Structures are given as structure tokens and as C-alpha cells.
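In what follows, chains carry the letters A, B, and so on, assigned in the order in which the sequence lines appear, proteins first and then strands, with residues in each chain numbered from 1. Keep in mind the model is a prediction, meaning the values are calculated, not measured.
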Amino acid sequence: MRKINIESSQAVSIDKLPKIGPEFFNRPTLLVAQELLGTVLVRQIDESILTGRIVETEAYFGEDDPASHAHGGPTPRNRIMYGPAGFAYIYFIYGNHHCLNFVTEAEGFPAAVLIRALHPLAGVKIMRRNRGQANLADLTNGPGKLCLALEIDKSLNGISLYSDELHLVRGDYHWFEISNGPRVGVSQGKNRRWRFFLKDDPYVSNPIRSK
DNA sequence: TATTGGATCGCC
DNA sequence: GCGATCCAATAG
């Protein structure tokens with residue numbers, strides 16, 4: 001029976017924490033993007049468990065969204081976005097980095113939420129090893145950083161978010177304020193303020209943190 | 001087959 | 001502020 005510090009206060013058994021089910025993701029994307037804040041991402045690798053509280057997300061919605069990979073219709077790369085909700089869409093970008101997305105909405109409609117930043121909880125030692133540096137606040141404060149820290153790459157593309165390897169559980173972190181702003185790194189669709197994050201949280205990614 | 005640009009990061 | 005680095009999409 002594995003014991004783990006999910007929220008730093010008391011050790012609980014990871015087996016007893018109910019996974020968040022696929023129905024959570026099969027809902028309006030902007031709602032899911034906000035309700036994901038405060039939940040805990042669990043990454044299990046063999047005997048190791050890495051967890052982090054989601055503190056920053058971005059929504060990508062439909063083929064009409066110019067910033068979405070699905071803008072312009074289905075391709076081999078974006079096909080997971082067209083599938084049912086509750087699966088991971090993972091892609092490689094800028095020749096260096098992976099990004100983790102959760103597919104939302106009904107099958108056939110391309111939408112997803114990009115996970116942009118985590119507050120590291122369990123497995124910090126392994127995350128530090130994976131990232132090759134020691135500053136806790138810089139471990140998972142960006143989409144590429146958190147994938148490296150949690151050993152998430154394209155081999156997990158299309159995996160169920162109800163799997164042991166990768167899933168979500170509810171945190172006990174509730175009383176926060178949600179801020180929103182323009183999405184990061186997109187050249188089009190700037191008018192959509194679909195980046196959501198915990199107000200004043202130190203683990204949010206750096207660019208344009210406030211306002 | 002070639003070219004171009006991208007939902008980034010870390011170092012200068 | 002800029003280079004690394006390479007995949008995906010588009011054009012030819």
C-alpha cells in the first residue's frame with residue numbers, strides 16, 4: 001500500500017483517492033479549463049509517483065480558433081483532439097519541448113486544455129533530477145518544463161486520463177481566486193483571454209503573470 | 001522534396 | 001534578447 005503526501009498535510013494512500021472520470025472532461029472547454037485549477041495531476045512511473053497541483057491552463061476550442069492545432073481541419077498530428085474527451089493530447093514543439101493537453105467536448109469536436117504550470121507536490125526529488133536544477137519554483141512553471149519534470153512525452157499521446165500512468169484527483173485546495181489573460185505564445189486569437197491561473201500564485205509561469 | 005514557422009526554454 | 005533544434009504543414 002503506497003503512502004504519499006498529496007497535499008503536504010497528511011499522508012494518504014494513493015489507492016484510495018478516486019480518479020476524476022472522463023465525464024469531467026466532456027463539458028464546455030472554458031469551464032473545464034477553470035475547474036482544472038486546484039486539481040492534482042498524478043503521474044505514476046513504475047514505483048514512483050509524481051504529483052502537482054494545476055495552477056495554470058489554456059483553452060483551445062474548435063477549428064474556428066486560429067491558435068488551435070485544429071485550425072484548418074484534421075491532420076495526423078491533431079487527430080486526438082477530435083476524439084472523445086478524457087484523453088491526453090501530447091505534441092513536440094520548437095524542436096525541444098513537449099506540451100500536455102487534455103481533450104474536452106464531445107467526440108468529433110476538436111478542443112483541448114493545455115496544462116501550463118503545476119505546483120510540485122510529491123516526487124520533487126525526481127522532478128529535480130529530471131530538470132537538472134534545484135529551484136522549486138522553476139521546476140514546473142511552464143508547459144515544456146512540467147512535461148520534462150513528469151517524464152511526459154509523445155509515447156503517452158492518446159493515453160486515457162483515467163489510467164494509472166496519468167490521471168487527476170481532487171485536491172483539498174479550494175479557496176483561491178482565478179485570474180485570466182491572453183494566451184501565451186499565440187500570434188492569432190489574442191482577443192480570446194483563455195489563459196486561466198491562480199491569482200498571485202508563485203508557481204504560475206512567468207510571462208504576463210499578473211493582470 | 002524544400003521551405004517556413006511554431007501553444008518554448010535557458011543562456012547571453 | 002536570441003539561438004537551439006526539429007516536427008508539421010504547405011507549396012512546388
Which whole-number value in Å describes the distance from [X] [atom1] to [N] [atom2]?
{"X": "A:Ile93", "N": "B:dT4", "atom1": "CD1", "atom2": "C1'", "value": "13 Å"}
{"X": "A:Tyr94", "N": "B:dT8", "atom1": "OH", "atom2": "P", "value": "4 Å"}
{"X": "A:Asn78", "N": "B:dA7", "atom1": "CG", "atom2": "C1'", "value": "13 Å"}
{"X": "A:Tyr60", "N": "B:dG6", "atom1": "OH", "atom2": "C1'", "value": "11 Å"}
{"X": "A:Asp153", "N": "B:dT8", "atom1": "CG", "atom2": "P", "value": "18 Å"}
{"X": "A:Asn96", "N": "B:dA7", "atom1": "CG", "atom2": "P", "value": "15 Å"}
{"X": "A:His69", "N": "B:dG5", "atom1": "NE2", "atom2": "P", "value": "16 Å"}
{"X": "A:Asn130", "N": "B:dG10", "atom1": "CG", "atom2": "C1'", "value": "17 Å"}

Side-chain donor/acceptor of A:Asn157 to backbone N/O of A:Ile90, under 3.5 Å:
yes
With both pairing distances under 3.5 angstrom for Watson-Crick or G-U wobble, and | for a partner in another strand, the correct string for DNA chain C is ||||.||||||.
OP1 or OP2 of B:dC9 under 4.0 Å from side-chain N/O of A:Arg131
no
Let's go through A:Glu105 and A:Arg27 carefully: what are the C-alpha distance in whole Å and the side-chain angles of both, what is the deciding distance for salt bridge (Lys or Arg N to Asp or Glu O under 4.0 Å) to 0.1 Å, and is it a yes or a no?
CA-CA 5 Å; A:Glu105 308 281 346; A:Arg27 294 186 301 152; over 6 Å; no
Anything under 4.0 Å to a heavy atom of chain A counts; send over the first and last such nucleotide of DNA chain C, read 5' to 3'.
C:dA4 to C:dA9
Donor-acceptor side-chain pairing of [X] and [Y] below 3.5 angstrom:
{"X": "A:His69", "Y": "A:Tyr89", "value": "yes"}
{"X": "A:Glu151", "Y": "A:Asn130", "value": "yes"}
{"X": "A:Glu63", "Y": "A:Tyr82", "value": "yes"}
{"X": "A:Ser205", "Y": "A:Arg116", "value": "yes"}

With a sphere of 6.0 Å drawn around CG of A:Asp64, does it hold more than 12 non-hydrogen atoms of other residues, nucleotides or ligands?
no
Just wondering, more than 12 heavy atoms not from A:Arg79 lying within 6.0 Å of its CZ?
no
To the nearest 0.5 Å, how far apart are CG in A:Asn180 and CD in A:Glu58?
11.5 Å
Mark yes or no for a side-chain to base donor-acceptor pair under 3.5 Å between A:Tyr91 and B:dA7, with no hydrogen or angle criteria applied.
yes
